[in-house]
There are 2 protein chains.
Amino acid sequence: MADLVYREVMHDLKERIFKNQFENKKLPDERSLSESYGVSRSSIKRALNVLAQQGIIFKKRGSGTFINPLYLKNQSLFHYEGTNLGVTDSFNLDGQHPSVKLLDYQVVPATPELQQDLFLNENDFVYQIKRLRLLDNRPIIIETGYIPIKVAPALTPEIVTGSIFNYLEDNAGKSVTKSFMSILAEPSNEEDQSLLGLNDREPVGIMEGIFFLDDGTPFEFSNMRVHYKYLKYNTFVSLDGE
Amino acid sequence: MADLVYREVMHDLKERIFKNQFENKKLPDERSLSESYGVSRSSIKRALNVLAQQGIIFKKRGSGTFINPLYLKNQSLFHYEGTNLGVTDSFNLDGQHPSVKLLDYQVVPATPELQQDLFLNENDFVYQIKRLRLLDNRPIIIETGYIPIKVAPALTPEIVTGSIFNYLEDNAGKSVTKSFMSILAEPSNEEDQSLLGLNDREPVGIMEGIFFLDDGTPFEFSNMRVHYKYLKYNTFVSLDGE
DNA sequence: TTTGAAAATTGATACGGTCCAATTTTTGGA
DNA sequence: TCCAAAAATTGGACCGTATCAATTTTCAAA
């Protein structure tokens with residue numbers, strides 16, 4: 001699986017960090033790591049950079065590389081959901097039962113906006129899929145998705161009732177690894193209120209954006225109107241790469 | 001300022017992307033860029049990687065590097081980028097005039113929750129700072145922040161009316177480069193409505209979380225109640241480095 | 001004209017080297 | 001002993017090269 005050098009180093013370091021195998025919360029210097037792993041310093045650097053970006057370690061020039069004490073002490077804090085792309089994945093938390101009710105399913109021409117967002121031509125068509133997502137029979141999300149036919153030609157209402165991402169990964173060997181999302185809030189409209197059981201003072205959170213396949217192909221434009229009590233987006237931000 | 005090679009390349013490319021100077025939303029290949037900028041391909045790669053991570057471009061092996069059409073489209077007033085940590089920074093981008101009204105400023109004992117979030121002991125004290133942020137005199141955010149005294153012993157109401165982050169960077173040589181934030185939505189309460197000029201159907205967006213110094217020290221717990229029209233958190237999520 | 005193999009294009013990974021900058025450790029003189 | 005200068009340590013930036021893999025283009029055979 002992890003046949004990349006820097007990934008193997010990264011995973012091994014992660015495990016050793018977890019097992020508290022480093023004294024003083026300090027990692028060996030990069031040159032030593034390079035020698036002991038038998039890889040170039042560049043690869044060590046790359047592995048360490050990923051760990052630093054995840055907030056697991058931090059580096060101080062001239063001093064060394066250290067384990068972030070908060071990562072070990074309060075791990076739940078750092079299990080950030082900024083890395084959960086699919087909605088299905090994010091739900092499996094408390095052993096509750098997610099379900100999907102298909103509200104609408106049709107093929108429509110791509111609007112100009114969709115053409116731009118999904119890199120389509122004028123005569124391209126998209127699936128328009130509107131789903132209500134529930135958790136233990138409580139409605140949580142109204143999700144409207146647009147998927148180009150040419151990207152997933154064999155979709156059916158049955159597939160769409162499950163996880164589209166999982167279907168793609170299992171059957172087409174394509175995986176979704178990137179997304180560009182915007183998160184905002186709005187007052188609820190009448191449809192929100194009736195489908196999600198909100199009163200007119202209660203808002204919805206909105207997550208909308210594009211999901212990409214790992215080769216960079218835009219795969220889906222999605223708009224999710226989320227019951228405000230169930231939207232909580234956690235994210236770890238680091239300016240190091242800037 | 002940007003005396004780093006890859007940064008200069010990055011900023012130049014960003015500008016050219018913004019000015020639409022690339023045909024077909026396609027950038028030149030890396031080897032050409034390397035030659036035309038007179039820098040190594042590694043530096044080009046590094047610049048492109050940062051842009052890709054920011055979601056501005058995406059790369060397809062064997063095909064080329066392309067501009068993300070979504071990036072040019074987003075023209076929100078409050079354009080909260082996943083890479084902008086401080087609120088002050090996020091405001092300055094659009095050429096509008098930010099200002100701050102100090103609502104409350106006192107020193108209080110750290111609550112048990114703050115003790116945990118900020119890694120404090122029982123007898124530690126924190127500044128409690130409540131500020132109203134405005135943009136061109138329109139109220140945008142009610143921000144309540146908690147900062148341990150021992151991290152920033154010399155804070156004054158005057159400093160707090162400006163940017164705390166900038167003060168720290170200029171005077172203490174400490175910089176804030178990381179944060180762990182949660183984003184959610186709530187109905188507005190009476191205070192929100194009066195301070196932000198909302199009616200009782202209009203919600204607030206909430207961003208709350210912890211800012212860290214670059215050495216990993218938790219620096220501030222912040223809760224921001226944002227006028228819903230001005231909260232737009234854009235984030236590019238990538239599972240590649242995992 | 002069509003098709004499919006070969007070649008060219010283009011980004012990805014990895015190596016190893018040079019020099020620099022921040023920090024810590026050592027050392028030698030007052 | 002104490003302190004400041006020097007040396008060592010350690011991460012950061014950048015270069016140039018080699019090789020591989022995915023995609024597109026070219027081109028010759030059918």
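Just so you know, these numbers use all the heavy atoms, side chains as well, and skip hydrogens, waters and symmetry mates. The sequence lines fix the lettering, A, B, ..., with proteins before strands; numbering per chain opens at 1.
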Calculate the interatomic distance between [X] atom [atom1] and [N] atom [atom2]; express it in whole Å.
X	N	atom1	atom2	result
A:Met10	C:dA14	CE	C1'	17 Å
B:Glu8	D:dA13	CD	P	14 Å
B:Leu27	C:dT10	CG	P	12 Å
A:Leu48	D:dT10	CG	P	14 Å
B:Tyr6	D:dC15	OH	C1'	16 Å
B:Asn49	D:dA13	CG	P	14 Å
A:Glu30	C:dG16	CD	P	15 Å
B:Asp29	C:dA8	CG	P	16 Å

Closest heavy-atom pair and its distance - [X], [Y]:
X	Y	answer
B:Ala110	B:Val126	CB-CG1, 4.1 Å
A:Tyr146	A:Thr144	OH-CG2, 3.7 Å
A:Leu118	A:Phe221	CD2-N, 3.8 Å

key: Modelled atom types, side-chain donor and acceptor of B:Lys25 and B:Asn20, under 3.5 Å   = no
request  = Could I get the full list of side chain to side chain contact (heavy atoms under 4.5 Å, CB included) partners for B:Arg16, not counting sequence neighbours?
outcome  = B:Asp12, B:Leu13, B:Gln21, B:Phe22, B:Tyr37
query = side chain to side chain contact (heavy atoms under 4.5 Å, CB included) with A:Asp104: which residues, sequence neighbours excluded?
reply =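 Listed in chain order: A:Gln106, A:Gln128, A:Lys130.
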request  = Could you check which residues of residues 32-45 of chain A get a heavy atom under 4.0 Å from DNA chain C? Sort them by number, please.
outcome  =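 When residues 32-45 of chain A is checked for heavy atoms under 4.0 Å from DNA chain C, the hits, listed by number, are A:Val39, A:Ser40, A:Ser42, A:Ser43.
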request  = Go through the structure and list residues passing salt bridge (charged side-chain N to carboxylate O under 4.0 Å, His left out) with A:Lys26, not counting sequence neighbours.
outcome  =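 Expected list: none.
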task = Just jot down the salt bridge (charged side-chain N to carboxylate O under 4.0 Å, His left out) partners of A:Glu15, sequence neighbours excluded, or say none.
result =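 By the salt bridge (charged side-chain N to carboxylate O under 4.0 Å, His left out) rule, A:Glu15 matches A:Lys19.
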Please produce a list of atom pairs where a protein N or O lies less than 3.5 Å from an N or O of nucleotides 21-26 of chain C.
| from | atom 1 | to | atom 2 | distance (Å) |
| --- | --- | --- | --- | --- |
| C:dA21 | O4' | A:Arg61 | NH1 | 2.8 |

task = Taking only the side-chain nitrogens and oxygens of B:Arg31, find out if one of them lies under 4.0 Å from OP1 or OP2 of C:dT10.
result =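 Negative; the distance criterion is not met.
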message = Any side-chain to backbone donor/acceptor pair from B:Ser63 onto B:Lys60? Under 3.5 Å, distance only.
response = no
